Amino acid sequence: MARLNPEQRAAIETTDGPLLVLAGAGTGKTRVLTTRFAHILLTGRAKPWQILTVTFTNKAAREMRERISLLLGSPAEGLWLGTFHALCARMLRRHAEYVGLTQSFTILDTDDQLRLLKQVMAPWQIDIKRWSAPGLLGVIQRWKDRGLTPERITPTEDSDFANGHARAIYTAYQARLKQLNACDFGDLMLHVTEILRTRPDVLAQYHRLFRYILVDEYQDTNTIQYLWLRLLAKHPEGPANICCVGDDDQSIYSWRGAEVENILRFEKDFPSAKVVRLERNYRSTRHILGAAAGLIAHNSERLGKTLRPGREDAEGKKVSILGVWDSDTEARMVCEQAEKLRAQGHALKEIAILVRAGFQTRAFEERLMQTGLPYRIVGGLRFYERAEIRDALAYMRVLSQPADDLAFERIINVPKRGVGPAGLQKLHAAARANNLPLTGGTKKLLEDKALKGKSAAHLRQLMEAFASTRDILAREGHVVAVEHLLEESGYLDMWRQDRSPDAPGRLENLKELTRALADFGTLGEFLEHVALVMDHDENGQDDYLSIMTLHGAKGLEFDTVFLPGWEEGVFPSQRTLDEGGLKGLEEERRLAYVGITRARQEAIIFHAGRRRIYANWQPSMPSRFLDELPDEHVIRHDEGGGFSQQGLNLSESVFDNGPIIARRRKDPMLEAAPALQLGDHVRHPRFGEGIIISADRHHVEVSFESVGTKRLLSSFIEKI
DNA sequence: TTTCACAATGTTTTT
DNA sequence: CATTGTGAAA
């Protein structure tokens with residue numbers, strides 16, 4: 001306590017009644033949460049299992065658990081601490097029968113959901129071009145985010161999608177899930193909330209249990225999570241001891257159903273609520289904070305909060321803005337700077353490249369590979385999303401749940417067993433006719449000798465593999481059993497015979513999977529873990545540079561942060577702008593705010609004059625956010641409108657804040673545009689001289705002497 | 001049923 | 001571009 005500032009202390013000591021803690025970036029939020037947890041225990045207000053602690057990511061949950069263990073001096077076990085979904089899964093296992101599931105229901109991954117939805121959609125003959133299955137799945141998920149069960153969808157809402165059939169398909173989809181004794185991710189929240197809503201006895205049980213509720217990242221909660229929390233928090237007698245921690249300026253998940261309104265409305269929801277603001281930032285330098293604060297001030301709907309430097313010494317360097325010729329130069333310069341930092345003795349772990357969207361990572365990856373700098377793409381293709389891992393998991397699911405039709409469908413023809421769509425239909429028919437799951441139907445057909453040819457032989461072998469594995473499972477445990485199954489089913493052989501270059505890596509991954517399996521007591525525990533915690537600690541804790549999306553970087557911090565791609569259309573993203581309008585823009589701005597505030601020492605922003613998107617080059621203009629950064633906190637290294645080829649010479653100055661090069665770009669397109677006409681002779685810094693062959697407001701097409709015809713932003717060329 | 005060739009067609013962010 | 005889906009031939 002002694003090491004905390006007065007606001008932090010207030011946030012911890014206000015234990016009873018509703019409390020909203022508005023915690024700006026780097027203001028010691030996690031510390032407050034964990035200390036508060038310990039404080040409640042140590043003052044005897046509650047036992048560890050009487051505190052419900054909800055986080056948004058598995059990582060946050062893990063960290064919190066570790067820090068609480070540290071504070072308590074013993075491993076934190078038996079706590080109700082986890083993500084919304086993990087906690088709901090735990091509750092739903094206890095009360096599954098109330099929503100027509102059994103205690104052993106399966107949780108579907110995205111692949112399964114999609115496959116199932118496609119099957120369900122088939123009878124409607126929806127125009128798949130216009131209403132793709134993933135699109136419709138998104139619609140359903142957003143309904144679930146808002147707590148809308150099929151019966152609650154109003155006709156108005158329905159008609160917007162899939163020619164008015166969306167609600168009917170949703171209904172059918174839910175019915176099919178129930179048949180399969182399965183639920184998707186959204187259902188975890190939806191079902192539990194439904195149970196709490198309709199079963200007062202169950203709700204009362206949790207009211208008795210949870211004396212205190214702690215919620216992290218409250219600004220990211222969606223409607224269903226809000227409803228769930230409110231049900232649990234609103235005790236019939238006495239005020240709710242709910243403490244929500246969040247930052248409206250870091251709300252960046254509205255596309256996933258998050259409602260900033262939840263945090264904006266907190267004081268209305270809980271009338272006696274107290275509000276504590278944490279505004280002292282101990283992470284970043286004064287310039288970084290100034291730049292971030294200046295930027296976020298352009299947003300309108302805010303609770304209002306100003307980050308103040310918590311350390312007196314922290315003047316630091318200004319935020320750098322670098323304009324470069326193209327995206328290749330950008331990648332090169334970022335990597336060179338990173339290399340230089342390492343040469344100066346900085347750890348690569350303290351450097352991050354934060355991008356807006358996944359496709360931007362490739363350029364850096366290629367460059368770093370050439371350079372030989374160790375790097376890691378965080379949150380890219382994750383371990384459990386790889387095909388071979390999902391296949392292996394499907395084998396395990398069938399082993400543990402023979403009725404898991406979706407898993408069986410996934411592996412029935414992997415490796416090839418001569419069972420295509422037609423064969424699968426036959427199995428389905430047999431299963432339905434005998435009221436059996438697919439595995440049962442298959443067995444039946446084999447016994448009846450109703451299958452012929454190689455598919456029969458292969459399937460018989462597969463069923464035998466499962467049968468023998470079950471014996472082994474009982475006798476020798478799940479690790480040996482799974483190894484046996486993958487061997488006997490021919491799955492491992494399939495990859496061993498595969499001559500493609502990534503096959504050895506896949507086998508390696510499968511080995512890693514069986515290794516992870518050993519950390520769990522039973523197969524069921526392992527599968528539950530995988531379904532909910534889709535991440536995996538990869539071995540080796542070397543010093544590597546991180547490349548990740550801005551979303552992925554939330555909650556992390558680094559000494560140096562590179563922020564490439566600050567260009568209109570990329571960041572702010574065109575798509576968000578199109579779909580979300582002003583709200584979308586404000587969310588992008590919050591994302592920019594998150595990005596800048598990840599840096600402890602230094603933030604370096606890049607924008608390129610042109611960028612390769614798919615196969616061809618696209619001209620791009622600097623992000624409007626650059627103009628919103630206050631001049632006293634940034635230093636702009638644009639040269640020649642930001643399109644210099646001598647960017648390398650500039651790089652010296654980036655880190656010592658050398659001479660400020662005059663800022664010439666305001667809106668280059670409009671500045672240069674009027675003077676150009678068809679037939680004009682022009683010069684381009686890179687392509688040399690040419691003649692304009694077409695022109696519109698922003699672009700011109702120029703036939704160059706050396707490189708042929710190019711389409712360019714008119715600001716890049718000069719008339720001769 | 002599988003395999004191959006070719007076209008099309010999007011590409012944010014994730015529990 | 002890189003993946004995914006579609007259609008025709010083996």
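Residue numbers begin at 1 in each chain, while the letters A, B, ... track the order of the sequences. It should be emphasised that the depicted structure is a prediction, and the values quoted were computed from it without experimental measurement.
OP1 or OP2 of B:dT14 sits under 4.0 Å from a side-chain N or O of A:Thr549. One finds a side-chain N or O of A:Asn413 lying less than 4.0 angstrom from the OP1 or OP2 phosphate oxygen of B:dT2.
Looking at the side chain of A:Lys416, the nearest of the listed nucleotides B:dT15, B:dT13, B:dT2 is B:dT2. Comparing atom distances between the A:Arg362 side chain and each of B:dT15, C:dA2, B:dT14 picks out C:dA2 as nearest. Nearest to the side chain of A:Ala422, among B:dT13, C:dG5, B:dT1, sits B:dT1.
Atoms NZ (A:Lys554) and P (B:dT14) sit 12 Å apart, rounded to a whole Å. Across the protein-nucleic acid pair, A:Asp111 atom CG and C:dT4 atom C1' stand 13 Å apart, rounded to whole Å. For the pair A:Arg256 CZ and B:dT14 C1', the interatomic distance rounds to 5 Å; values are reported in whole Å. A:Arg417 has its CZ atom 11 Å from the P atom of B:dT2, to the nearest Å. Remark: C1' of B:dT15 and CZ of A:Arg62 are 13 Å apart, rounded to the nearest angstrom. For the pair A:Ile107 CD1 and B:dT15 P, the computed distance is 14 Å after rounding to whole Å. A:Ile224 places its CD1 atom 14 Å from the C1' atom of B:dT15, with the value rounded to the nearest Å. In this structure, A:His458 atom NE2 and B:dT2 atom C1' are separated by 13 Å, rounded to whole Å.
For the pair A:Gly423 and A:Trp255, both in contact range of DNA chain B, the more 5′-proximal nearest nucleotide belongs to A:Gly423.
A salt bridge is absent between A:Asp326 and A:Arg612: the closest approach of a Lys/Arg side-chain nitrogen to an acidic carboxylate oxygen does not fall below 4.0 angstrom. The pair A:Lys144-A:Asp187 counts as a salt bridge, with a side-chain nitrogen and a carboxylate oxygen less than 4.0 angstrom apart.
If you check the side chains of A:Thr106 and A:Gln401, you find no donor sitting under 3.5 Å from an acceptor.
At a threshold of 4.0 angstrom between heavy atoms, the contacts of A:Thr576 include nucleobase atoms, whether or not backbone atoms are also involved. At the heavy-atom level, A:Phe84 lies nowhere under 4.0 Å from the strands shown.
Few gaps surround CD on A:Gln574; more than 12 heavy atoms of other groups in view lie less than 6.0 Å from it.
When side chains are defined from C-beta on, A:Ser254 does not count as touching A:Val260, because their heavy atoms never get closer than 4.5 Å.
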